Structures are given as C-alpha cells and as structure tokens.
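Here's the structure we're looking at; comments come further down.
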Amino acid sequence: MRRNDKAVKDIDVIKNIISKCQVVRVAMCKDDVPYLVPLNYGYEFKDGELILYCHCTNKGKKLDILDENPNVFIEIDNEKDVIAGNTPCEFGLEYFSIMSPGKVEFIHNIYDKIHGLNKIMEHYTSKDKNDFKNEALNKIFLLKITCTNLSAKICSK
C-alpha cells in the first residue's frame, strides 16, 4: 500500500468495516482476460484469516472460470461523503476499503453449506439460525473464499 498513513492494521476496525459493507467484488481471470463480479456475502474470521461465503446459481461464467482457476482477488468498500476542496485536486472521497488475494472452494457438504448460508443471513439480518429447505439447498451453489493477505484502508475528513 502506497499510503501507509491510511492503512488499517487493527483487526477490530477491519471487522467493523466488513460488517458495514454490503457487496464484495470478486476478480478472477481466464486466459489472461479478467472478469469481475459483485456478490453478497457472509463472513467469519478463522485462525486470523477472513473467510467469505457467497451464493450463486449452479451454472455460469464465474463458476466455469473458478473451476479452472480458483485464485481470486476481492475488494470490499463503502463510500461515505465527498471531501470538498477549493480546487479539483483538493476534492476527495471519504471511504473505507479492504482488499486481498484469496482462493475459492466450492462447498457441497450440506452442513458446510448451511453454515455458510447462515453467515450470509447473519450479515444481512443478524439472524444466525435459519431453516433451509433441502430443495433450496440443492439449487444454491456456495463459494467459500479464504482471504490470505488482507489490506485495509480508511480515508476520512
């Protein structure tokens, strides 16, 4: 990170940032062509690593790419306010962001799938115990992204 003065190292601050954001952008690559998708997510920290859970349908371009190459890069951010200035170069944006390389696993085990879906529901509703019908569980595809080197940044007034 070029601007070390904006770097965030405190894990509690990072957890707070992740809890306030709504979308993770997941970048992947096939044949040297990048592909980026925004996804909803649930999360947990295990052994100092951020684990993200994202759901999707069981077919599509991202799954084809990830099946071939599970290496990804994630970005989570939240914009707040414009920082006004007197000249264009003095304007900015108040924000916080998190980035990390990661590795995707496809989750097929029903208990692991329920765990990941509960993490997603907990993130958006604060409800951590949900009943999922087998029919729905069979249709949902779950991605588990293990983030390996978090970088967090805050820019404020």
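Source: prediction; values computed, not measured.
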When the aromatic ring centroids of Tyr41 and His123 are compared, is their separation below 6.0 Å? yes
Honestly curious: do Met99 and Phe96 fall in one hydrophobic cluster under the side-chain, below-4.5 Å linking rule? no
Between side-chain atoms of residues 42-49 and protein atoms elsewhere (two or more places apart, or another chain), which donor-acceptor pairs fall under 3.5 Å?
from, atom 1, to, atom 2, distance (Å)
Glu44, OE1, His115, NE2, 3.2
Glu44, OE2, Tyr53, OH, 2.5
Glu44, OE2, His115, NE2, 2.9

Where Asn149 and Ser100 come nearest, the two heavy atoms and their spacing: N-OG, 3.2 Å
Could you pull out the closest heavy-atom pair between Ile14 and Ala152, with the gap in Å? CG1-CB, 3.7 Å
What residues, two or more places apart in sequence or in another chain, satisfy side-chain contact (heavy atoms from CB on, under 4.5 Å) together with Glu122? Lys119, Asp128
Heavy-atom pair of closest approach, residues Cys56 and Leu63: SG-CD2, 3.9 Å
Minimal non-hydrogen separation, Ile74 against Cys147, with atom names: CG1-SG, 3.8 Å
Would you list the pairs meeting salt bridge (charged side-chain N to carboxylate O under 4.0 Å, His left out) in which at least one residue belongs to residues 95-117, sequence neighbours left out? none
So, taking the atom named CD1 in Ile65 and the one named CG in Asn71, what distance separates them when rounded to the nearest 0.5 Å? 13.0 Å
Crowding at NZ, Lys15 (>12 non-hydrogen neighbours, <6.0 Å): yes
So, are Arg25 and Asp77 salt-bridged, with charged N and O less than 4.0 Å apart? yes
Please round to the nearest 0.5 Å and tell me the distance separating atom CG of Asn109 and atom CD1 of Ile114. 9.0 Å
What one should report as the nearest heavy-atom pair of Cys54 and Leu39 is CB-CD1, 3.9 Å
